[in-house]
Amino acid sequence: MLLDNIKNRIDKAEIISFDIFDTLLLRPYVKPVDLFTHIGQLQGMPFFSICRQAAEKETRAEHPSKEDIRFDQIYQNIDETFKPLQDIEINWEERVLRPNFELKQVYDYALSQNKTIVIISDMYLPTDFIAKVLRKNSYDGWERLYVSGDIGLTKGTGNLFKRVLQDFSLDTPKKVLHIGDNKHSDYKAPHKLGIECVLYKQVLEQFLDAHKYLYELHREAEQNLGLSILLSVLAYRWHEQIIKGENSFDYWSELGYLYAGPLAYGYCRFIEEVTTEQKLDFIGFVARDGYTLQKVFTLLCPSVKTEYIYAPRFLNLICRLDYARRNIEQTSAILDYFSQENSEIKRLSSTKKLIKAKEQHNFIQNHIDLFLPIAKKNLKNYRSYISSKLPQNAKIGMVDTITGEFSAQKLLQSALDKEIHGIYWSVILQAYKGIYSRSCFINQSSLQEDVSVYTKNWNFIEFLLTSPEYPIKNMDRNGNPIYESNPNAAEKYRAQIYPVISAGAIKFVQDIQALFGEHNIFLDGEGLVTYINSFIENPTKRDISEMSKIKFGKDSNHTDYVPLFSESIPLREYLLHPKKTLKRIKKLIWQTSWQSLFACLLKPISIRSKGMKRIDIYFFPYLAKQFFGAFLNISSTCSYKIIVGKKQSEDKHGKR
């Protein structure tokens with residue numbers, strides 16, 4: 001804690017001097033100029049940031065005798081197009097500036113010790129405006145406020161500090177203790193004058209030091225406004241928790257805030273854009289992925305009518321007999337369901353060997369007269385349900401996450417007998433793209449192409465954007481979902497923790513609204529995937545432990561469950577079934593240190609080759625990261641590698 005470290009120095013000083021920006025007050029941006037970028041995007045003027053920075057540079061060049069310039073002088077030099085943004089910029093500064101809790105403690109302590117407080121800043125904004133913002137953020141009781149733009153002197157030259165010493169008639173500079181974040185203007189320059197100094201580490205730097213894996217994301221944030229704001233907001237919250245001693249937290253609530261919240265916010269902003277562009281009157285959020293999304297969208301767009309609706313893939317199978325003939329999961333699900341509904345289908349299917357998808361498909365088609373009446377009855381019941389939820393005379397949109405076959409959209413359109421507009425995170429099958437009216441948050445032709453915009457585990461997205469409900473098996477005549485009657489332990493645990501995750505996500509969105517109001521922070525899909533991947537690639541021990549309890553159903557009928565990230569494996573399995581255990585470990589995205597060591601011992605070397613043209617040799621391929629690599633690239637098609645550590649992933653097309 002800063003205060004504990006400098007109390008004695010404050011006690012010895014007569015005057016305590018504070019820097020303002022990134023010290024007493026914080027902006028929610030990685031770079032100060034991101035504020036200009038944000039204003040420009042909100043106003044539909046993408047070149048504002050460039051022109052605003054150019055105007056400031058030009059103004060400084062025009063006043064060489066002044067060490068700093070004024071805010072109004074900058075706008076005198078800006079293009080006429082952007083002059084109306086002068087008031088918007090200063091109002092936006094007032095909106096987003098927030099107190100630094102750590103420095104507020106230091107400030108309040110200095111006040112309590114009856115120290116003379118001086119606030120000093122290299123800033124072009126007007127002195128009266130800065131005074132207003134300081135008081136708004138509970139910084140009262142200071143003696144003097146020095147702002148370089150109005151005075152024409154800066155801290156960086158040392159002249160603004162000299163003015164302070166002169167005004168207070170101080171012949172002993174050591175009586176002043178200055179606290180600020182800039183290495184030159186807040187430390188080196190005053191230190192040369194004999195002033196005592198404390199160089200403050202910015203909150204974002206503290207946050208990144210505690211979360212080193214986010215440094216790469218920080219570099220991305222320099223070019224991505226949404227990530228710039230997201231990182232800054234998360235750093236501010238983390239810092240507040242540290243300063244207030246709120247270090248213990250519920251894991252699932254924090255997961256919701258840090259990851260589900262940003263995902264839902266960014267996607268719902270896209271849904272808002274599509275709703276406006278397509279002039280949609282009504283939005284149906286498809287269960288289960290639409291549970292939290294609907295709540296967030298309602299916060300962001302309260303005037304748009306919405307409904308949480310059920311349209312699971314299983315219903316599309318049993319209402320429309322719409323299945324892929326080569327998909328054994330889908331053909332089996334249809335046979336299982338219709339055999340329970342019709343004794344004749346059950347009898348006939350029991351007399352035949354129906355193991356392969358082709359055999360099951362042929363059976364369904366050969367006895368379609370037995371299947372169709374049940375399917376029509378199911379569709380009739382579903383039509384009754386969905387008609388009570390979605391108005392017939394409205395232009396309707398439906399929201400889902402990812403789709404390959406548009407099963408929910410096909411089911412809804414069949415039941416309503418009208419076209420609706422699908423809104424998706426992404427569509428993964430090229431064949432269906434031109435058929436259905438749809439918009440995609442991330443436009444993508446397949447999961448294998450351009451994988452940079454996809455998470456390294458899509459099922460994690462669906463886990464974050466799910467609901468506490470059990471899998472839906474059917475709808476009753478009144479339109480109520482019929483849930484899985486005997487859910488397994490994985491579904492029960494997910495149902496237990498998901499309300500906490502969802503609440504964390506809602507809290508994130510509420511915090512963003514409290515800071516930015518109705519204004520968008522532009523979290524785009526690619527930035528969000530980069531952010532999610534940073535979590536996936538850098539799990540903590542607690543992440544691995546908590547996620548070992550999470551499994552997901554990989555098939556449409558929710559019968560085959562596999563670990564989402566990690567799995568706890570009993571010791572006896574390592575001893576009694578080492579080869580089977582190794583196979584289980586190899587399938588895990590996250591491994592414990594022991595699992596990684598076990599895998600390396602059983603398989604210390606992995607060789608991947610394409611003839612003699614490409615040979616990759618990995619030593620200890622199941623370590624958490626790569627430690628050494630030697631590469632020889634002879635041509636674009638001929639290469640040799642020796643690597644110690646984690647093996648690179650390779651998709652089925654051979655891309656890495």
Rounded to the nearest 0.5 Å, how far apart are [atom1] of [X] and [atom2] of [Y]?
{"X": "Leu464", "Y": "Tyr498", "atom1": "CG", "atom2": "OH", "value": "7.0 Å"}
{"X": "Ser332", "Y": "Tyr323", "atom1": "OG", "atom2": "OH", "value": "11.5 Å"}
{"X": "Lys583", "Y": "Leu588", "atom1": "NZ", "atom2": "CG", "value": "14.5 Å"}
{"X": "Met547", "Y": "Thr540", "atom1": "CE", "atom2": "OG1", "value": "9.5 Å"}
{"X": "Trp590", "Y": "Ser545", "atom1": "CH2", "atom2": "OG", "value": "11.0 Å"}
{"X": "Asp322", "Y": "Asn316", "atom1": "CG", "atom2": "CG", "value": "4.5 Å"}

Answer with yes or no whether the side chains of [Y] and [X] bring together a donor and an acceptor at under 3.5 Å.
{"X": "Ser639", "Y": "Arg614", "value": "no"}
{"X": "Asp209", "Y": "Tyr215", "value": "yes"}
{"X": "Asp616", "Y": "Tyr640", "value": "no"}
{"X": "Ser467", "Y": "Glu469", "value": "yes"}
{"X": "Thr331", "Y": "His361", "value": "no"}

Has the side chain of [X] got a donor or acceptor atom that lies under 3.5 Å from a matching backbone atom of [Y]?
{"X": "Ser232", "Y": "Val30", "result": "yes"}
{"X": "Lys352", "Y": "Gln360", "result": "no"}
{"X": "Gln595", "Y": "Ile585", "result": "no"}
{"X": "Tyr265", "Y": "Ile521", "result": "yes"}
{"X": "Glu484", "Y": "Pro471", "result": "no"}
{"X": "Lys641", "Y": "Gly629", "result": "no"}
{"X": "Thr581", "Y": "Glu573", "result": "yes"}
{"X": "Gln496", "Y": "Lys492", "result": "no"}
{"X": "Ser566", "Y": "Ile544", "result": "yes"}
{"X": "Glu546", "Y": "Tyr251", "result": "no"}

Quick check: closest heavy atoms across [X] and [Y], and the distance to 0.1 Å?
{"X": "Val509", "Y": "Gly261", "result": "CG2-O, 4.2 Å"}
{"X": "Thr530", "Y": "Glu220", "result": "CG2-CG, 4.0 Å"}
{"X": "Leu317", "Y": "Ala333", "result": "CD1-CB, 4.1 Å"}
{"X": "Asn224", "Y": "Gly527", "result": "ND2-CA, 3.8 Å"}
{"X": "Thr466", "Y": "Arg494", "result": "OG1-NH1, 3.5 Å"}

Next on the checklist: Before you tell me yes or no, could you show the steps for Arg269 and Glu272 under salt bridge (Lys or Arg N to Asp or Glu O under 4.0 Å), namely the whole-Å CA-CA distance, both residues' side-chain angles and the distance that decides it to 0.1 Å?
Outcome noted: CA-CA 5 Å; Arg269 282 298 190 186; Glu272 177 186 14; 2.8 Å; yes
[X]: what forms a ring pair (Phe, Tyr, Trp, His ring centres under 6.0 Å) with it, not counting sequence neighbours?
{"X": "His211", "answer": "Phe207, Trp238"}
{"X": "Tyr424", "answer": "Phe406"}
{"X": "Phe460", "answer": "Phe535, Phe565"}
{"X": "Phe463", "answer": "none"}

side-chain hydrogen bond (donor to acceptor under 3.5 Å, both in side chains) with [X]: which residues, sequence neighbours excluded?
{"X": "Ser339", "value": "none"}
{"X": "Tyr29", "value": "His38, Trp92"}
{"X": "Asp400", "value": "none"}

Checklist entry - So, His367 versus Phe363, ring centres under 6.0 angstrom or not? => result yes
Checklist entry - When you look at Lys456 and Glu537, which way does the salt bridge (Lys or Arg N to Asp or Glu O under 4.0 Å) test go after all the steps? => result CA-CA 8 Å; Lys456 295 181 181 296; Glu537 293 165 354; 3.4 Å; yes
Checking [X] now: which residues fulfil side chain to side chain contact (heavy atoms under 4.5 Å, CB included) with it, not counting sequence neighbours?
{"X": "Ile605", "result": "Ile607, Ile617, Phe619"}
{"X": "Lys358", "result": "Asn362"}
{"X": "Lys541", "result": "none"}

Item to check | Electrostatic pair Arg288:Glu491 at N-O distance under 4.0 angstrom | outcome: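 Yes, this pair counts.
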Checklist entry - Is it true that Arg584 and Glu567 make a salt bridge, defined as a side-chain N closer than 4.0 Å to a carboxylate O? => result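 Result for this pair is yes, salt bridge flagged.
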Checklist entry - Between Tyr308 and Phe285, is a ring-ring contact (aromatic ring centres under 6.0 Å, His included) present by the stated rule, with each step listed? => result CA-CA 5 Å; Tyr308 183 63; Phe285 287 83; 8.5 Å; no
Next on the checklist: Checking ring pair (Phe, Tyr, Trp, His ring centres under 6.0 Å) between Phe270 and each of Trp425, Phe522, Phe441, which is the one that passes?
Outcome noted: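 Output: one option passes, namely Phe441.
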Item to check | Partner set under salt bridge (Lys or Arg N to Asp or Glu O under 4.0 Å) for Asp511, not counting sequence neighbours | outcome: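 Applying salt bridge (Lys or Arg N to Asp or Glu O under 4.0 Å) to Asp511 gives Lys507.
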Checklist entry - Cation-pi between Lys295 and Phe297: NZ/CZ under 6.0 Å from ring centre and within 45° of the ring axis? => result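 Pair Lys295/Phe297 does not count as cation-pi.
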Item to check | Worked verdict on Tyr561 versus Phe552 for ring-ring contact (aromatic ring centres under 6.0 Å, His included) | outcome: CA-CA 5 Å; Tyr561 282 75; Phe552 70 95; 8.1 Å; no
Next on the checklist: With salt bridge (charged side-chain N to carboxylate O under 4.0 Å, His left out) as the rule and sequence neighbours excluded, what pairs involving residues 231-242 come up?
Outcome noted: Arg237-Glu254, Glu240-Lys244
Next on the checklist: Using the rule given for ring-ring contact (aromatic ring centres under 6.0 Å, His included), can you reason through Tyr382 versus Tyr310, listing the C-alpha separation, both sets of side-chain angles and the distance that settles it, and then say yes or no?
Outcome noted: CA-CA 9 Å; Tyr382 185 76; Tyr310 298 96; 9.4 Å; no
